[in-house]
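Inspection log for the structure reproduced underneath, given as structure tokens.
Within every chain, numbering begins at 1; the chains are lettered A, B, ... in the order of the sequence lines, protein sequences first and strands thereafter. What you see is a predicted model; the values in this text were computed from it and never measured.
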Amino acid sequence: MDVLERKAALTGIGQSDVGRRLNRDPLELTVDACLAAIADAGLTRDDIDGLSTYPGPPIGGAAGFSGAGIVDIHDILRLKLDWYCGGPELPGQLGAVINACAAVATGLARHVLCFRTVYESTAQGGGRRRGIGVGGAGGGGSFRAGGFMQWVLPYGAASAANWIAMMARRHFHEYGTTREQLGQIALNARKNAGRNPKAIYRDPMTMDDYLNVRMVSDPFCLYDCDVPVDGSTAFVVSAVDAAKDTRKKPLRVEAVGSALRGRPSWDQFDDLTTMALRDASAMMWERTDLTPRDVDVAELYDGFSFIAMAWLEALGFCGKGEGGPFIEGGERIALDGEIPLNTHGGQLSAGRLHGFGFLHEACVQLWGEGGERQVAGEPGVAVAAAGGGPLGGCLLLTND
Amino acid sequence: MSEKPFRIKPAVTDENEHFWQGGADGELRFLRCKACRSYIHPPAPICGECLTKDYAPEAVSGRARLVTYTVNHQPWIPGFDPPYVIAIVEIEEQPSVRLTTNLVNCEIDDIAIGMPLRVVFEQLDDETYLPLFEPAGE
């Protein structure tokens with residue numbers, strides 16, 4: 001198999017301030033992250049000839065879900081681009097990075113700047129989190145839901161918390177998974193966040209805390225749900241021949257997973273206990289001789305705790321349905337465990353940077369820049385995965 | 001959910017009115033392909049299984065089984081007060097056709113995945129009837 005993405009490498013990472021209600025212009029956060037990534041790669045903006053993002057420009061009805069689009073950053077930085085692409089219909093948030101890999105591998109660009117900006121904390125203000133699309137309801141009663149939302153909004157199923165809670169409930173039913181097991185995803189994230197100075201929630205969490213906090217959508221309690229933040233994350237993806245000019249040792253892309261082989265639907269997909277994660281993971285392993293046993297660190301989307309467990313299963317760190325017993329007690333996924341998971345605290349405790357935070361942390365670990373949270377033994381292979389439900393994409397990186 | 005909640009209405013169109021208006025006749029209806037006999041959901045301009053355009057709305061029995069559920073505790077929508085039960089059900093005639101819906105007339109402690117259900121309708125206005133599901137007994 002001709003695995004073209006191996007012509008791509010991660011050469012620089014950048015991240016803005018990350019926090020609750022920063023009340024800063026999301027374009028400024030984006031610029032901060034982008035310039036940091038370009039500098040980290042040892043490049044200048046004149047070297048950037050590609051631009052990629054998810055989910056595109058800010059849209060109504062989803063407050064703070066996007067802070068900048070392609071046109072914004074193209075113009076602000078006066079970039080001269082040969083290739084650019086931004087949009088929401090991708091294999092998860094990291095689909096924007098997978099697109100960049102394809103662009104440099106096919107010669108459409110040499111250095112692609114990828115970014116993702118959220119300002120959900122400031123945009124949602126002091127109010128509670130809203131459901132998706134509910135912003136259009138207004139309260140006047142004249143709003144009517146179309147598209148996919150017509151099948152869920154009339155039933156008050158207004159959030160991915162509801163849709164994914166039902167996936168978790170099905171997993172509990174089929175495999176006997178328990179809340180105490182699932183809670184280890186949240187506890188592990190909080191423990192690691194304690195070692196990450198940029199994380200939002202760093203105070204220790206106990207299993208009692210987890211089991212006694214209020215429910216959101218059964219079996220999900222508050223601590224199964226990630227924390228909205230403001231922040232921007234950026235990467236430079238370079239063609240391997242162009243990467244010879246960069247400052248740091250390039251992180252090679254060994255394989256990507258972008259597949260979705262079932263129906264692209266939250267409720268019509270054949271297996272509700274895995275969904276897109278199954279297909280993206282399968283595709284990634286089809287494209288490499290490496291196996292899950294070769295992976296030293298896993299940064300797996302935890303917008304809801306269950307998704308991280310489902311990625312562990314889909315990626316083959318344990319068998320299908322065995323996620324509960326695998327994470328029970330938390331030792332296996334701890335910083336010094338057999339597969340350290342979400343070493344920065346994940347979205348549950350470090351903040352909802354929406355997918356890009358996981359790839360950022362995978363690069364941090366492979367470059368040995370983790371400081372207090374650095375995984376011992378110089379990790380050489382990392383997997384970063386983002387998305388849940390019918391959205392999912394993953395990348396396998398090596399520093400050899 | 002003894003009091004009727006405020007519900008956001010679906011946008012009823014030529015393509016989906018067989019579904020949202022079936023409740024006027026007490027019928028749960030889906031498009032059904034006349035060639036391969038598959039039910040088509042959500043409504044589409046072609047049968048996604050056999051790619052023929054020969055289809056028509058057809059009533060099903062209204063019997064279904066519970067695939068999964070969640071008890072929602074978060075107030076997402078003003079006037080739609082928690083707790084309430086959101087469910088995914090599969091229809092008896094073709095289990096690959098699923099609906100996200102509300103489970104009603106059922107104590108939370110009595111909910112069991114796999115339990116048999118039957119459709120009931122909640123009328124929202126002259127052209128909109130929401131299919132909900134309640135326990136059917138064995």
Does any heavy atom of chain A fall under 4.5 Å from the side chain of [X], the backbone, both, or neither of them?
| X | value |
| --- | --- |
| B:T101 | both |
| B:P95 | neither |
| B:T13 | neither |

Under a 4.0 Å N-O cut-off, is there an ion pair linking [X] with [Y]?
| X | Y | value |
| --- | --- | --- |
| B:R118 | B:E134 | yes |
| B:R37 | B:E49 | no |
| A:R261 | A:D279 | no |
| A:R352 | A:E120 | yes |
| A:D230 | A:R21 | no |

Region of A:A161 in contact with chain B, defined by heavy-atom distances below 4.5 Å
side chain
Would you confirm whether the ring centroid of B:W20 sits within less than 6.0 angstrom of the ring centroid of B:F121?
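No, the ring of B:F121 stays outside the 6.0 Å limit from the ring of B:W20, centre to centre.
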Could you tell me which of [options] has the largest number of non-hydrogen atom pairs under 4.5 Å with chain B?
| options | answer |
| --- | --- |
| A:A165, A:G156, A:P219 | A:G156 |
| A:F172, A:F269, A:W266 | A:F269 |
| A:R170, A:R263, A:R214 | A:R170 |

Name the option with the most non-hydrogen atom pairs under 4.5 Å to chain A; the candidates are B:V97, B:N16, B:V12, B:T100.
B:T100
Name the option with the most non-hydrogen atom pairs under 4.5 Å to chain A; the candidates are B:E90, B:H73, B:R98.
B:R98
Of B:T70, B:L99, B:V67, which meets side chain to side chain contact (heavy atoms under 4.5 Å, CB included) against B:I88?
B:V67
